[in-house]
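Contents: one structure, followed by commentary.
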Protein chains: 2
Amino acid sequence: MPTDATLPSRARASDELLRTALEQFATVGFVGTSLQQIADHAGYSKSSVLYHYASKEALLEAAITPAIERLEVLVGEFAEGRRSDAARGVFIGSFVDLLLGERLAVHLFVNQGHSLGGIPIVERGNAAVRVLADAICSGATLVEQMRFGVALAGATYALVAGATFFGDEDPVNETLNAHTDEELREALVDVVSELLLPADGRQTR
Amino acid sequence: MPTDATLPSRARASDELLRTALEQFATVGFVGTSLQQIADHAGYSKSSVLYHYASKEALLEAAITPAIERLEVLVGEFAEGRRSDAARGVFIGSFVDLLLGERLAVHLFVNQGHSLGGIPIVERGNAAVRVLADAICSGATLVEQMRFGVALAGATYALVAGATFFGDEDPVNETLNAHTDEELREALVDVVSELLLPADGRQTR
DNA sequence: ACGATAATTGACCGATCGGTCAGATCCTGC
DNA sequence: GCAGGATCTGACCGATCGGTCAATTATCGT
C-alpha cells in the first residue's frame, strides 16, 4: 500500500477519477455517462477506473456520499430542534452553505435523484428530503408549504440552473459568475430569509 | 389513411405512444429510457414505435414541443412588454399556468435540458430560458436577480419535486395531492407574487 | 371481392454498454 | 537485485442499445 498522507499535494489517481466522474455525472447524467468517457477525461483506461472503483455505482456512491451525509445531519438538526425563528435562521445559513459547498453533488442528486432508485446512497438522500418535507408540511397551510418549498427548491435550483444553463463561456452569466461565493451566499440567505422569516412588518404565518 | 377527427374518443396509437414516452422520459430520463421500454409500457413492439416516430429523438421532440412553444410566447411577451407591476402579475399567472398545464414536459425539460444539447427543440427551450434570464438580470442587483431566480426556479421545482419525490402512494404528499390544481395555482401565485411584486409596505427593488 | 395503403411485427445489424481477467509495468522494502 | 504487492492496461464477454428491413396482417374505398 502506498504511504498515504505523506505527499499531500500529489493528486491521487482515485481522487482524479472521482472528480472527473462527479463532473460528468452532473453534466450529462449518470446513465448518460459511460465508464469510457470518465476514463478518457481523466486520462486513464476504463480498466483502471474499475480497478479503483468496483463498479459505476460505487463511483456514484463515493461521489455524492459526503453531500448526502451533510444533508442528513442538517435535516436531523432541523427536524428535532424546535422551529424557532433563530433555529430557522441557522438552518437557512447551513442549507445555503451546503448548496455552495457541494454544488456538483447537489446538482446530480437534485436532478437525477428520483430516477436513480435502488442505489442505497440515493435512497438515503431521498429519505432525508422526505423527512425535511414532512417536518415542513406537518400542521402547515398550503401557502406555508409552498413558501418553504419554493424557497428551498428555488435556492437549490437557482444555483444549479445557473451552473447548468450558463456554461463557462456564456455571456449572460458573467454577472452571476462575477460574484464571489460570499456574495452569492449573502444574496441567497437574504432572499430565502425574506420568504421564511417573519420580516419586519409581515407575518410569516 | 384513417379518417381522423371522426372518432374523437378512440385513442390513436401514436398518441398512446407519445403519452407513454413522455411519462417514461420524465421519470427515468431520456437516455435512461429505451425504445423497448416505451413499446412494452404502451403494449406495442419496438418496431411500431419507430413506425410512428422516425427516431427516439423525434419522439422527444413531439413530446415537449408544445410546452416549449408555450414558454417561448410567454417569454417573448415578458421580454418586450415593459416591466410594470401589472405586466409582472400577468406573467406570473401565465407562468404558473404553464407549469401546471405541462407538468411532465416541464419536468423533463428542467431536469434534463442541459444534458440534451444538440437536440433542436431542447436548444430552443434553453434559448428561451436564457432570454428570460437576460431580461431579468439586465440592470438588476444581485439580490433582485436572486429573487427572480428563486421565485421562478422555486415554483418550477417545487411542483416538479413534489411529483418526483412523492410517488403515487407516498404518505407525505397526501397533503399536496389532496389539493386541486386551482388551489395549487392560487398558492403558487401567492408565494411568487410575494417575492416579485411590491407587497404592501415592502419595496421590491 | 379485391387491390392499395396503413399498421404491426420479428429478425437482424453494428455499436456501445458495464464488467471480467490475465498479463504487463511500476514501485518499494529488504 | 529481487520478491511482491499496487497499479495499469488491452482483449474479451454477454447484454442491450437505436435503428433497418422484409414480410405479414388489418382496414377501407370501390
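Treat the numbers as computed from the prediction; the structure is a model and nothing was measured. Naming convention: chains lettered A, B, ... in sequence-line order (proteins, then strands); numbering from 1 in each chain.
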(Q) If the threshold is 4.0 Å, N to carboxylate O, is there a salt bridge linking B:R185 and B:D190? (A) no
(Q) Going by ring pair (Phe, Tyr, Trp, His ring centres under 6.0 Å), name the pairs with one or both residues in residues 46-66 of chain B, residues two or more places apart or in two chains. (A) none
Q: With sequence neighbours excluded, tell me which residues meet salt bridge (charged side-chain N to carboxylate O under 4.0 Å, His left out) with B:E102.
A: B:R70
(Q) Does the protein touch nucleotides 8-18 of chain C at the base, only the backbone, or not at all? Give it as B, S and - per nucleotide, heavy atoms under 4.0 Å. (A) BBBB-----SB
Q | More than 12 heavy atoms of other groups within 6.0 Å of B:Q37 CD | A | yes
Q.
Can you confirm whether B:E186 is buried at CD, in the sense that more than 12 heavy atoms of other residues, nucleotides or ligands lie under 6.0 Å from that atom?
A. no
